[in-house]
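Worksheet for the structure shown next.
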Amino acid sequence: MLILGIDTSCDDTSAAVVKDGTVILSNVVSSQAEIHKRYGGIVPELASRRHTENIIPVVEEALRGAGTTFKGIDAIAVCFGPGLIGSLLIGCCFVKSLAYALNRPVVTVNHLEGHIYSAFLSDISPQFPFLSLVVSGGHTSLFCIEGHGIYKELGKTRDDAAGEAYDKFSKMLGLGYPGGPIIDKLAREGNKDAFKLPKPLLPDCLDFSFSGLKTYVKNTVNKLKAGNELTDTTVRDLAASFQTVIVEVLVTKLLWAVKDTGVCRVSLSGGVAANDELRNRLLEVQRTDGLEVFLPPKALCTDNGAMIAAAAYQRFIKGEVAGLDFNPRAYMPLTQV
Ligand code: KG4
Ligand code: ZN
């Protein structure tokens, strides 16, 4: 069974063809980073306009890459939230028209559910139950996945997402967008002990909070600027210190969740899951704490259509098909279905 999966929730226009929910035949992502980087973050209106231009060529490329045509597609899956409403509308309206014209069923997928399902696109996928840490530009959430479509939220960020903290840190230094990969690279050459930053752990719960860290870093940057000490070296050191705190908080909370639930299988997803230090720390924990760690390939961590198709497959085989009157929503918590 071939599912065409589409995600336009943020600033990437993505389409993929996935066979039987696990085999990626094509996965095309058209990034808008070039457009948004001069603003240091996503400009929602520009993102929507670009999706409108990109969606047809991206879908056509995905079909070509999979060696199929519209006729070969059994169902169409689309992310309908959470995300930027204008961006979501483009993907959802496109999919409604396509499904109507081709007479194909539509499966709607929550973006977070899509990220969780990137764990099922590798050679080895986790058995249930497993813990899933979704850590992206819009979300930092910890779930216990008890079965297909059964999600228990254990914790989430109370303010900024981890990726958002990376992006804002990069913006305050004028380093570019998206900030994650830039800071990740700089951090490798810096001294992580150079700055003592607060570690926001929020005791006795599995929620996260990164806005205090962001403000602390902002004040530090301002002080360095005022003292004429903002150099390539101090920027690298601050990047390393900042990244160490973020990674430490994420790994600590994951280990707390393992302890609380007794579930030792953990998977990581979302754009920040492409971070090398975070991936290495989890592999370390796999060795020392006896966890089973599932890390999707980096290309499947950031937004993509394949994860949407993978999540949709499980819904489709249970007959969960949407009517063409569905609407996208900017805010859409992932709750048990
Ligand atoms: O999942 P994603 O593509 O979009 C959202 O759903 O938000 O995640 C994008 C986020 C951005 O904040 C970006 O800076 C961050 O993921 N990111 C990274 C890395 N690559 C992307 N953060 C840290 N290290 C990276 N290597
Ligand atoms: Zn995402």
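As the structure lists them, so they are numbered: ligands from 1, and atoms in each ligand from 1.
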Going by the order shown, which atoms of ligand 1 are within less than 4.0 Å of some heavy atom of [X]?
| X | value |
| --- | --- |
| H115 | 1 (O), 6 (O) |
| G179 | 14 (O) |
| A274 | 26 (N) |
| D167 | 11 (C), 12 (O), 13 (C), 14 (O) |

Please say whether [X] places an N or O atom under 3.5 Å from an N or O atom belonging to ligand 1.
| X | result |
| --- | --- |
| H111 | yes |
| G138 | yes |
| P178 | no |
| D12 | no |
| G163 | yes |
| H139 | no |
| T302 | no |

For this session: May I ask you to check whether over 12 heavy atoms, not counting those of L283, lie within 6.0 Å of atom CG?
Result: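 Enclosed.
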Problem set entry | NZ/K318: more than 12 non-hydrogen atoms of other groups inside 6.0 Å |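 Correct, the count exceeds 12.
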Exercise. Would you call Q243 a ligand 1 contact, heavy-atom distance under 4.0 Å?
Worked result: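 No, that is not the case, since the closest heavy atom of the residue is not under 4.0 Å from the ligand.
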So which heavy atom in the protein is nearest [atom], and how far is it from that ligand atom?
| atom | result |
| --- | --- |
| atom 18 (C) of ligand 1 | G180 CA, 3.4 Å |
| atom 26 (N) of ligand 1 | D184 OD2, 3.0 Å |
| atom 3 (O) of ligand 1 | D303 N, 3.0 Å |
| atom 21 (C) of ligand 1 | G271 O, 3.4 Å |
| atom 10 (C) of ligand 1 | G137 N, 3.4 Å |

Problem set entry | ring pair (Phe, Tyr, Trp, His ring centres under 6.0 Å) partners of F169, counting only residues at least two apart |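 Here the qualifying residues are F242.
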For this session: Apply the side-chain contact (heavy atoms from CB on, under 4.5 Å) test between I76 and each candidate in V78, I73, D74; give the one that qualifies.
Result: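 Going through the options one by one, the only one that passes is I73.
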Exercise. What N, O or S atom of D303 is found closest to the Zn ion (ligand 2)?
Worked result: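 It is OD1 of D303.
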Exercise. Tell me, which N, O or S atom in H115 is closest to the Zn ion (ligand 2)?
Worked result: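 Going by distance to the Zn ion (ligand 2), the closest N, O or S atom in H115 is NE2.
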Exercise. Would one find an N, O or S atom of H139, in either backbone or side chain, under 2.8 Å from the Zn ion (ligand 2)?
Worked result: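 Given the 2.8 Å cut-off, H139 does not count as a ligand of the Zn ion (ligand 2).
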Problem set entry | Under 3.5 Å side-chain donor-acceptor pair for H111 and D303 |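 The criterion, which ignores hydrogens and geometry beyond distance, is satisfied for D303 and H111.
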Problem set entry | Test item: side-chain donor near acceptor, S211 and D160, under 3.5 Å |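 The criterion, which ignores hydrogens and geometry beyond distance, is not satisfied for D160 and S211.
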For this session: Name the orientation class of the two ring planes belonging to F210 and F208 (parallel below 30°, tilted from 30 to 60°, perpendicular beyond 60°).
Result: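 Ring orientation, 0 to 90° scale: parallel.
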For this session: Could you tell me how the ring of Y151 sits relative to the ring of Y117: parallel (under 30°), tilted (30 to 60°) or perpendicular (over 60°)?
Result: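 Correct class here is perpendicular.
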For this session: Would you check if the distance from the ring center of Y313 to the ring center of H148 is below 6.0 Å?
Result: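 They do not qualify: ring centres at least 6.0 Å apart.
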Quick one: does [X]'s side chain get under 4.5 Å of [Y]'s, heavy atoms only?
| X | Y | answer |
| --- | --- | --- |
| I42 | C10 | yes |
| F70 | L98 | yes |
| V247 | Q243 | yes |

Exercise. Should one rank N275, N304, V272, L278 by closest heavy-atom distance to atom 24 (N) of ligand 1, which comes out on top?
Worked result: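 Looking at heavy atoms only, N275 sits closest to atom 24 (N) of ligand 1.
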For this session: Given side chain to side chain contact (heavy atoms under 4.5 Å, CB included), test K156 with H139 step by step and report yes or no.
Result: CA-CA 8 Å; K156 64 171 188 277; H139 307 274; over 6 Å; no
